[in-house]
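Here's the structure we're looking at; comments come further down.
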Amino acid sequence: MARILITSALPYINGIKHLGNLVGSQLPADLHARYMRARGHEVLFICATDEHGTPAELAAAKAGEPVAEYCARMWRVQKDIADGFRLSFDHFGRSSSDRNRRLTQHFAERLSAAGLIDEVMERQVYSKADGRFLPDRYIEGTCPNCGYEKARGDQCENCTKQLDPTDLINPRSAISGSTDLEVRETKHLHLRQSAMRAHLRDWIDTREGWPVLTTSIARKWLDDGEGLQDRSITRDLDWGIPVQKGEKPWPGMEGKVFYVWFDAPIEYIAATAEWADAHGLGEDGWRRWWRADEGAGDVRYTQFMGKDNVPFHTLSFPATLMGSAEPWKLVDYIKSFNYLNYEGGKFSTSSGRGVFMDQALEILPADYWRWWLLSNVPESSDSDFTWESFQNGVNKDLADVLGNFVSRITKFCRSRFGEALPEGGAPGPEEAELAAELSRRLAEYERAMEAIEVRRAAQALRAIWVAGNEYLQRAAPWTKMKESPEEAAMIVRTGLNLVRLYAILSRPFIPDAAGAMLTALGLTENEPWPESAEAALAALPSGHAFTTPDVLFAKLDDERREALEARFAGKG
RNA sequence: GGGCCCGUAGCUCAAUGGUCAGAGCAGACCGCUCAUAACGGUUUGGUUGGGGGUUCAAGUCCCUCCGGGCCUACCA
């Protein structure tokens with residue numbers, strides 16, 4: 001038994017996430033957490049909403065709510081949707097928590113004491129009409145390079161030229177449209193990442209077996225141009241964690257807050273503390289997961305995230321932890337994902353293109369989405385959601401292969417023997433062959449799950465389901481009924497034990513259907529992971545009662561698929 | 001502009017430099033009748049994007065060209 005710490009990248013508070021966000025971090029993290037729990041490890045699975053920053057303030061203003069209320073409401077919405085997808089977080093925290101405020105201020109104090117914080121006077125664009133400094137992205141104007149009129153202050157999306165806000169012709173606020181802008185001086189804290197470059201590189205270079213996607217992005221940032229740059233960790237905003245040195249004020253930084261990307265990863269730790277608080281576990285309760293000097297030495301920590309998050313998790317956050325000169329637990333493995341596209345293009349919130357998490361759950365139960373998304377997770381390159389692929393995948397794998405297997409064996413037993421495992425007969429060569437096949441597949445499945453090779457694991461699981469249909473076809477109990485009812489009984493027993501085995505093995509992917517299978521067999525979710533295929537085939541004895549379950553997975557027909565395609569095609 | 005990733009069967013993807021490049025889906029044929037018109041078996045299908053090189057041996061390594069995607073630090 002090991003101790004496994006798992007974090008998923010934090011979903012931003014602003015709005016409901018689409019399927020691409022789900023599949024890029026939370027869902028595979030949940031798969032890993034569920035598997036590790038099933039194997040008897042002590043697992044702590046942490047996620048939270050990332051609540052600070054300009055977009056949250058603007059979204060709250062648009063909704064006509066104070067930002068704190070807006071965030072509280074959206075946290076609830078995201079939590080309910082996460083529950084709907086059966087994301088098994090041990091704690092779903094909030095980066096606006098008091099725990100995170102204290103920890104973030106603590107890290108700032110430590111970094112300052114270590115000489116890793118510079119105070120830098122910056123010149124930034126201020127909008128009088130909006131009463132706020134504008135991030136580069138929120139300044140629009142005409143591109144000096146191509147004349148595009150809606151170029152943003154950081155980059156022109158028409159000609160892709162990198163810009164500085166002061167390059168723009170006729171700059172205006174993207175928020176209000178106001179042209180009453182001026183450049184003001186404002187002081188900010190910079191994290192001296194450049195000073196930690198060698199240290200970070202050594203660390204990255206000694207990580208073994210990390211995905212290329214993870215290390216290549218990290219190296220690019222370490223080596224690009226003049227190398228890793230210092231990074232501003234504060235902002236002129238109202239909504240955020242006040243800049244302080246621990247509990248003490250930070251002279252000259254009054255009224256400023258930490259940048260979301262500084263405080264968001266710290267929330268991984270803070271959320272663990274929130275979890276410990278909620279369970280009355282005290283300070284030790286969370287520190288044993290995060291402090292190498294207080295018990296975290298044997299923790300294996302894995303982070304899940306989309307590729308856009310990699311620089312912050314490979315560089316900025318480790319720099320924060322290392323720079324504190326305290327023995328904080330560093331990540332052991334970063335599993336990063338590419339993007340999921342929608343019908344050949346990008347998911348788009350603004351044009352209503354693609355499926356969002358709340359809509360998905362209205363259409364079909366969580367398991368359908370979990371299965372398709374995980375078995376098509378963008379592991380080695382971007383992948384594409386299409387309704388055709390989704391329909392084909394869930395109909396074939398879930399309805400035809402798994403669902404129909406459960407259906408045929410339970411119904412056959414009910415009509416010939418009644419709703420209890422029948423007695424008689426002894427396993428023979430067919431059963432030995434089945435056990436051998438299952439052993440091979442199970443080893444493959446376990447290896448892939450341990451290595452977090454998600455697609456491969458899904459393939460292995462599917463092959464295990466297929467093995468049941470192959471076995472029934474070979475053993476043909478419907479034929480044996482005539483000549484040897486006892487042998488048929490033994491085959492049916494074996495088949496019903498396969499249902500139990502499938503429920504246990506499939507639970508990380510499709511927890512609800514697995515639960516329904518266990519319930520039908522009169523079992524609970526406490527059924528242990530199989531010791532061996534042979535043992536699993538004889539786990540339930542003759543006489544064990546069951547109920548014939550309803551159809552586990554209904555099929556998605558062409559008519560409905562076409563309607564869904566049309567509904568989510570977007571405005572333009 | 002710079003960097004990274006990818007290009008393999010009609011589609012989605014596999015293949016520590018080493019047997020005849022393999023799976024699933026789709027297609028074709030056969031079987032089965034327990035089951036959600038489901039299941040099983042057999043089978044068609046490849047100049048591994050083009051060209052050059054290294055090697056006893058290249059889908060894999062190197063060069064180059066073509067095509068696609070992503071990142072590029074103030075969206076998060």
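In what follows, chains carry the letters A, B, and so on, assigned in the order in which the sequence lines appear, proteins first and then strands, with residues in each chain numbered from 1.
Of the possible donor and acceptor atoms, one in the side chain of A:Asn469 sits under 3.5 Å from a partner among the backbone N and O of A:Val401. Under the 3.5 Å distance criterion, the side-chain polar atoms of A:Tyr445 are left unmatched by any main-chain donor or acceptor of A:Ala458. Without hydrogens or angle criteria, A:Arg493 side chain to A:Gly424 main chain gives a donor-acceptor distance under 3.5 Å.
Scanning residues 486-503 of chain A for heavy-atom distances under 4.0 Å to RNA chain B yields an empty list.
Heavy-atom nearest nucleotides on RNA chain B were determined for A:Ala264 and for A:Lys346, and the one closer to the 5' end corresponds to A:Lys346. Nearer to the 5' terminus of RNA chain B, by closest-nucleotide assignment, is the contact made by A:Tyr339 (compared with the other of A:Tyr339 and A:Phe312).
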So which protein N/O to nucleotides 36-40 of chain B N/O distances come out below 3.5 Å?
residue, atom, partner, partner atom, Å
B:U36, OP1, A:Lys411, NZ, 2.4
B:U36, N3, A:Phe553, O, 2.8
B:U36, O4, A:Phe553, N, 3.3
B:U36, O4, A:Phe553, O, 3.4
B:A38, OP1, A:Lys555, NZ, 3.4
B:A38, O5', A:Lys555, NZ, 3.2
B:A38, O2', A:Asn404, OD1, 3.4
B:A38, O2', A:Asn404, ND2, 2.4
B:C39, OP1, A:Lys396, NZ, 3.0
B:C39, O2', A:Arg408, NH1, 2.9
B:C39, O2, A:Gln473, OE1, 3.1

Under 3.5 Å between N/O atoms: give me all the protein pairs with nucleotides 10-14 of chain B, atom names plus distance.
residue, atom, partner, partner atom, Å
B:A14, OP1, A:Ser380, OG, 2.6
B:A14, O3', A:Arg456, NH2, 3.4
B:A14, O2', A:Arg456, NH2, 3.2

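Distances were taken from every side-chain heavy atom of A:Tyr12 (C-beta onward) to each of B:C74, B:U33, B:A76; the shortest belongs to B:A76. Among the nucleotides B:C74, B:C25, B:G3, the one closest to the side chain of A:Arg462 is B:C25.
Residue contacts shown for A:Pro311 are absent, as no nucleic acid heavy atom lies under 4.0 Å away. Residue-level contact check: A:Arg152 touches neither bases nor backbone, having no heavy atom under 4.0 Å from any strand. The residue A:Glu388 sits apart from the nucleic acid: no heavy atom pair falls under 4.0 Å. A:Lys220 comes within contact range of at least one nucleobase, with a heavy-atom separation under 4.0 Å. Using a 4.0 Å heavy-atom cutoff across all strands shown, A:Gly227 reaches at least one base atom of the nucleic acid.
Using a 4.0 Å cut-off between charged side-chain N and carboxylate O, A:Arg441 and A:Glu444 make a salt bridge.
Annotation: side chain to side chain contact (heavy atoms under 4.5 Å, CB included) contacts of A:Ala319 (sequence neighbours excluded): A:Leu191, A:Met196, A:Leu200. Partners of A:Tyr70 under the side chain to side chain contact (heavy atoms under 4.5 Å, CB included) rule, at least two apart in sequence or in another chain, are A:Asn14, A:Ala59, A:Ala60, A:Ala63, A:Glu65, A:Arg73, A:Met74.
B:A57 and B:U19 are spaced 12 Å apart, taking the C1' atom of each and rounding to whole Å. Taking atom P in both B:G46 and B:C63, the straight-line distance is 31 Å, to the nearest Å. Nucleotides B:G10 and B:A28 have their C1' atoms positioned 14 Å apart, rounded to a whole Å. Comparing B:C62 with B:G3, their P atoms are spaced 15 Å from each other, to the whole Å. Taking the C1' atom of each, B:G40 and B:C32 are spaced 7 Å apart, rounded to whole Å. Atom C1' of B:G68 sits at a distance of 16 Å from the matching atom of B:G50, rounded to the whole Å. The separation of B:G18 from B:G59, taken at their P atoms, amounts to 10 Å, rounded to a whole angstrom. Nucleotides B:A9 and B:A14, compared at atom P, are 12 Å apart to the nearest Å.
Counting only N and O atoms by type, the side chains of A:Glu486 and A:Ser484 include no donor and acceptor under 3.5 Å apart. Inspection of the A:Ser381 and A:Asn338 side chains reveals no N or O donor paired with an N or O acceptor under 3.5 Å. Defined by atom type and a distance below 3.5 Å, a donor-acceptor pair is present between the side-chain atoms of A:Trp465 and A:Ser506. With hydrogens and angles left out, the side-chain atoms of A:Ser232 and A:His188 include no donor and acceptor closer than 3.5 Å. Between A:Tyr12 and A:His52, the side chains place no donor N or O within less than 3.5 Å of an acceptor N or O (distance only, hydrogens not considered). A:Thr186 and A:Asp236 are linked by a side-chain donor-acceptor pair at a separation below 3.5 angstrom, with hydrogens and angles left out of the test.
Between the P atom of B:C5 and the CZ atom of A:Phe337 lies a distance of 19 Å, rounded to the nearest Å. Distance, A:Asp223 CG to B:U72 P: 17 Å, rounded to whole Å. When the C1' atom of B:G69 is taken as reference, atom CG of A:Asn338 falls 9 Å away, rounded to whole Å. In this structure, A:Asp263 places its CG atom 11 Å from P of B:A76, rounding to the nearest Å. If you measure from atom NE2 of A:His313 to atom P of B:A76, you get 15 Å, rounded to the nearest angstrom. Put simply, NZ on A:Lys307 is 13 Å from C1' on B:U72, counting in whole angstrom units. Protein atom CH2 of A:Trp261 is 12 Å distant from nucleotide atom C1' of B:A73, rounded to whole Å. The nearest whole Å value for the distance from the CD atom in A:Gln26 to the P atom in B:A76 is 19 Å.
Secondary-structure stems of RNA chain B, taken as three or more successive Watson-Crick or G-U wobble pairs (i with j, i+1 with j-1) under a 3.5 Å distance threshold, comprise B:1-7 with B:66-72, B:10-13 with B:22-25, B:27-31 with B:39-43, B:49-53 with B:61-65.
Side-chain N/O atoms of A:Glu122 and base N/O atoms of B:C74 include a donor-acceptor pair closer than 3.5 Å.
Taking the ring centroids of A:Phe317 and A:Phe312, they lie at or beyond the 6.0 Å cut-off. If you look at A:His313 and A:Phe304, their ring centroids are not closer than 6.0 Å.
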Exercise. Go through the steps to decide whether A:Tyr368 and A:Phe390 satisfy the test ring pair (Phe, Tyr, Trp, His ring centres under 6.0 Å), and finish with yes or no.
Key: CA-CA 9 Å; A:Tyr368 289 70; A:Phe390 178 72; 7.2 Å; no

Quiz item: Given the rule in the ring pair (Phe, Tyr, Trp, His ring centres under 6.0 Å) test, do A:Phe553 and A:Trp371 qualify, once you have shown the distances and angles that lead to the verdict?
Solution: CA-CA 12 Å; A:Phe553 298 100; A:Trp371 174 255; 9.1 Å; no

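In this structure, A:Trp478 packs face-to-face on the six-membered ring of B:C34, meeting both the 5.5 Å centre cutoff and the 30° plane limit.
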